[in-house]
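Reviewing the structure listed below.
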Number of protein chains: 2
Amino acid sequence: MSGMKSVQRAFDVIDVLWKLDGAGPTEIANEMDIPRSTAHVYLQTLESTGYVVSTAGTYKLSHAFLSMGSRIQQRNQIYQVSRRAIPDLAEETGEVVTLVIEEAGEAVFLQRESGEKAIELGLYAGLTLPLYSHAAGKTILSQLPSKRVDEIIDTRGLEPVTTETITDRERLREELETIRSDGYAVDWDQQIEGMGTIAVPIVVDDTVEGSIGIACPTERVKNESYRMELVNKLRETNETITIKYRYGT
Amino acid sequence: MSGMKSVQRAFDVIDVLWKLDGAGPTEIANEMDIPRSTAHVYLQTLESTGYVVSTAGTYKLSHAFLSMGSRIQQRNQIYQVSRRAIPDLAEETGEVVTLVIEEAGEAVFLQRESGEKAIELGLYAGLTLPLYSHAAGKTILSQLPSKRVDEIIDTRGLEPVTTETITDRERLREELETIRSDGYAVDWDQQIEGMGTIAVPIVVDDTVEGSIGIACPTERVKNESYRMELVNKLRETNETITIKYRYGT
DNA sequence: CCGAACCGTCCAAAATAGTCGAACAGCTTA
DNA sequence: TAAGCTGTTCGACTATTTTGGACGGTTCGG
């Protein structure tokens, strides 16, 4: 329980504004169990920062989040080198192609592009998931020092997302070993039921910089020849990205 | 000067973290002229919210901004109906195609897609610009009630961005009239020197919902036949979007 | 048509919480 | 080895957030 109450509350107000898709002081006050006047001060302050805009008494989150988010995304080196390759691969395969990185022990989707056959699975740029519940995250884990992997599991835990999620520490360790020797990871129904993912780790100078992956319906992933076709395409793209990353833009 | 000092400072810390691309308490303290210990508390608190992550004593902005930004973007109705049409038009024309909306009297780029001939001009999703300094903004202004236009100019002013920017209130009014009768807007070197923009307003039931535009080098915009070709393509896309918006997804 | 009930906003007193200097521990550098 | 840097912790002081109440507007139903 570290920190400043007012700042934490300000971000709580932001969460509520998101949840309610815009609200006035009264709604915020009811939702957060604080006086109306207090809610009003928070809203006014947030408006002065530009992260909230008001029209006729109702306050909404502004696009300052999108602005900052885009800039943070664009500043990322691995994004810069792979942002053109991802949509290309999406078009080639027709599936949803993603770029995932690790941040604070979690998997963050830095980019998401969809092809013709793509299904909407609620994957979007900025989405943060556990590392152990999908192929992309696991390829990253497979390339991190085992000391770091333990650290991450210690702080984040291994809570099941679906019935298929790995919850056993030892089984995860074994699977990471398999992924390390295979050079890619595959699984299905572990994060979202009905969704399968395939991924390869982006490794530059023995350091994981992220992972590129494909997400599609479970049935398509289960088809081995199709799966290997995707793996090969991921490997090709991966090589392009790795070289670009190493030897400049 | 409305609001809570601590919350405003928290967002100042965020700005500094952006500016310095990550920093420790000492750097923040120097930049903001506050004690090290104070900076430390802010960083810790921001970390607890998830919008900042720390690794080995240095704090960085997290991808929570990207996450929230994407969700805000996706929630927008006009984005939902036009997000597929924008990249299609980008591919067809080869230029940079943008979707712009008005928020709090400013132009916000909700989407930006680039084609083959596209030049990088520093346009990104979330970028906020004045409404009067480019074609997309002006098409929106041209469709707003004149009372609202005055209100916006009163609060935002008409500060010149380049030497070509319109700074005269009366001249702007005349130009908006022209845009209204033409149904589209064109200009160059007004926001960024060397960049020209063409745009059409998205009007549904007599209300502007946004604007779709094309940005390219000034020289290409000056070519009239090419310009009219782009205007026609914008109009086609606009019609598709308008119908979709009106009669559901 | 009017009044009751709701809204967002403002203000000034009361109490909590942000502020800040000093001290600690760890690291790198001279 | 010691000086100088870093991030971090602690506790007292004081400025700040908090809060209820009051104001003016709009909306609703009688």
Side-chain angles (χ1 to χ4, degrees), chain A residues 1-62 103-105 145 147-148 151 155, chain B residues 1-62 103-105 145 147-148 151 155:
Chain A
M1 194 167 283
S2 67
M4 307 159 64
K5 202 172 166 183
S6 60
V7 176
Q8 287 175 327
R9 272 197 182 173
F11 281 91
D12 287 344
V13 171
I14 288 172
D15 284 344
V16 173
L17 280 177
W18 165 252
K19 197 177 141 198
L20 302 180
D21 195 10
T26 306
E27 282 175 278
I28 299 286
N30 290 338
E31 194 75 20
M32 293 180 62
D33 238 332
I34 53 172
R36 277 214 315 270
S37 50
T38 305
H40 180 71
V41 178
Y42 276 95
L43 289 170
Q44 260 192 170
T45 308
L46 286 170
E47 188 181 14
S48 79
T49 66
Y51 282 88
V52 166
V53 290
S54 71
T55 42
T58 72
Y59 296 78
K60 287 188 76 170
L61 297 179
S62 84
E103 179 180 80
K147 193 178 129 196
R148 185 78 209 290
E151 198 180 285
T155 52
Chain B
M1 192 167 286
S2 66
M4 305 160 65
K5 204 171 166 183
S6 60
V7 174
Q8 288 175 327
R9 272 197 181 170
F11 281 90
D12 288 344
V13 170
I14 288 172
D15 284 344
V16 174
L17 280 177
W18 165 252
K19 197 178 141 197
L20 302 180
D21 196 9
T26 307
E27 282 175 278
I28 298 285
N30 291 338
E31 194 73 21
M32 292 180 62
D33 238 334
I34 53 172
R36 280 214 312 268
S37 51
T38 306
H40 179 72
V41 178
Y42 276 94
L43 289 169
Q44 259 192 170
T45 308
L46 286 169
E47 188 181 14
S48 80
T49 66
Y51 283 87
V52 165
V53 288
S54 72
T55 42
T58 73
Y59 296 78
K60 289 188 75 170
L61 296 179
S62 84
E103 178 181 80
K147 192 180 128 195
R148 185 76 210 290
E151 198 181 286
T155 52

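Letters go in sequence order (proteins before strands), and every chain restarts at 1. Note that the coordinates shown come from a computational prediction; the quantities given were computed from them, not determined experimentally.
In this structure, B:Gly24 and B:Leu43 approach most closely via the heavy-atom pair C-CD1, 4.1 Å. Nearest heavy-atom pair across B:Leu61 and A:Glu103 is O-OE2, 4.3 Å. Taking every heavy atom of both residues into account, B:Val7 and A:Ser6 meet most closely at CG2-O, 3.8 Å.
A distance-only check finds a donor-acceptor pair linking the side chain of B:Thr155 to the backbone of B:Glu151 [under 3.5 Å].
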Collect all protein-nucleotide pairs involving nucleotides 18-20 of chain D in which both atoms are nitrogen or oxygen and the distance is under 3.5 Å.
| residue | atom | partner | partner atom | Å |
| --- | --- | --- | --- | --- |
| D:dT18 | OP1 | A:Arg9 | NH1 | 3.4 |
| D:dT18 | OP1 | A:Tyr42 | OH | 2.6 |
| D:dT18 | OP2 | A:Tyr42 | OH | 2.9 |
| D:dT19 | OP2 | A:Thr38 | OG1 | 3.3 |
| D:dG20 | N7 | A:Ser37 | OG | 3.2 |
| D:dG20 | O6 | A:Ser37 | OG | 3.0 |

Any protein N or O atoms within reach of nucleotides 26-30 of chain C? Criterion: under 3.5 Å, listing atom names and distances.
none

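When ring centroids are compared, B:Tyr42 and B:Tyr51 stay outside the 6.0 Å threshold.
Counting to the nearest Å, the C1' atom of C:dC7 and the OH atom of A:Tyr59 are 12 Å from each other.
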Each base of DNA chain D marked ( ) or [ ] if paired in-strand (Watson-Crick or G-U under 3.5 Å), | if paired to another strand and . if unpaired gives |||||||||||||||||||||||..|||||

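Between A:Ser48 and B:Phe11, the closest side-chain pair of non-hydrogen atoms is not below 4.5 Å.
Taken from CE in A:Met4 to CG in B:Leu46, the straight-line distance is 8.5 Å, to the nearest 0.5 Å. Distance check: A:Ser62 OG to A:Leu17 CG gives 10.5 Å after rounding to the nearest 0.5 Å. Once rounded to the nearest 0.5 Å, the distance linking CG of A:Leu20 with CD1 of A:Ile28 reads 6.0 Å.
Contacts of residues 12-32 of chain B with DNA chain C (heavy atom under 4.0 Å): none. Taken residue by residue, residues 44-57 of chain A places heavy atoms nearer than 4.0 Å to DNA chain C at A:Gln44, A:Gly57.
Remark: of the listed residues A:Asp21, A:Val52, A:Thr55, A:Asp21 is the sole one forming a side-chain contact (heavy atoms from CB on, under 4.5 Å) with A:Lys60.
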Validation: residues 31-41 of chain A side-chain donor-acceptor distances under 3.5 Å, sequence neighbours left out:
| residue | atom | partner | partner atom | Å |
| --- | --- | --- | --- | --- |
| A:Glu31 | OE2 | A:Lys19 | NZ | 2.6 |
| A:His40 | NE2 | A:Gln44 | OE1 | 3.4 |

Apply side chain to side chain contact (heavy atoms under 4.5 Å, CB included) to B:Gln8 and A:Thr45, showing your working.
-> CA-CA 7 Å; B:Gln8 288 175 327; A:Thr45 308; 3.7 Å; yes

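A sub-4.0 Å separation between OP1 or OP2 of D:dT8 and a side-chain N or O of B:His40 is present.
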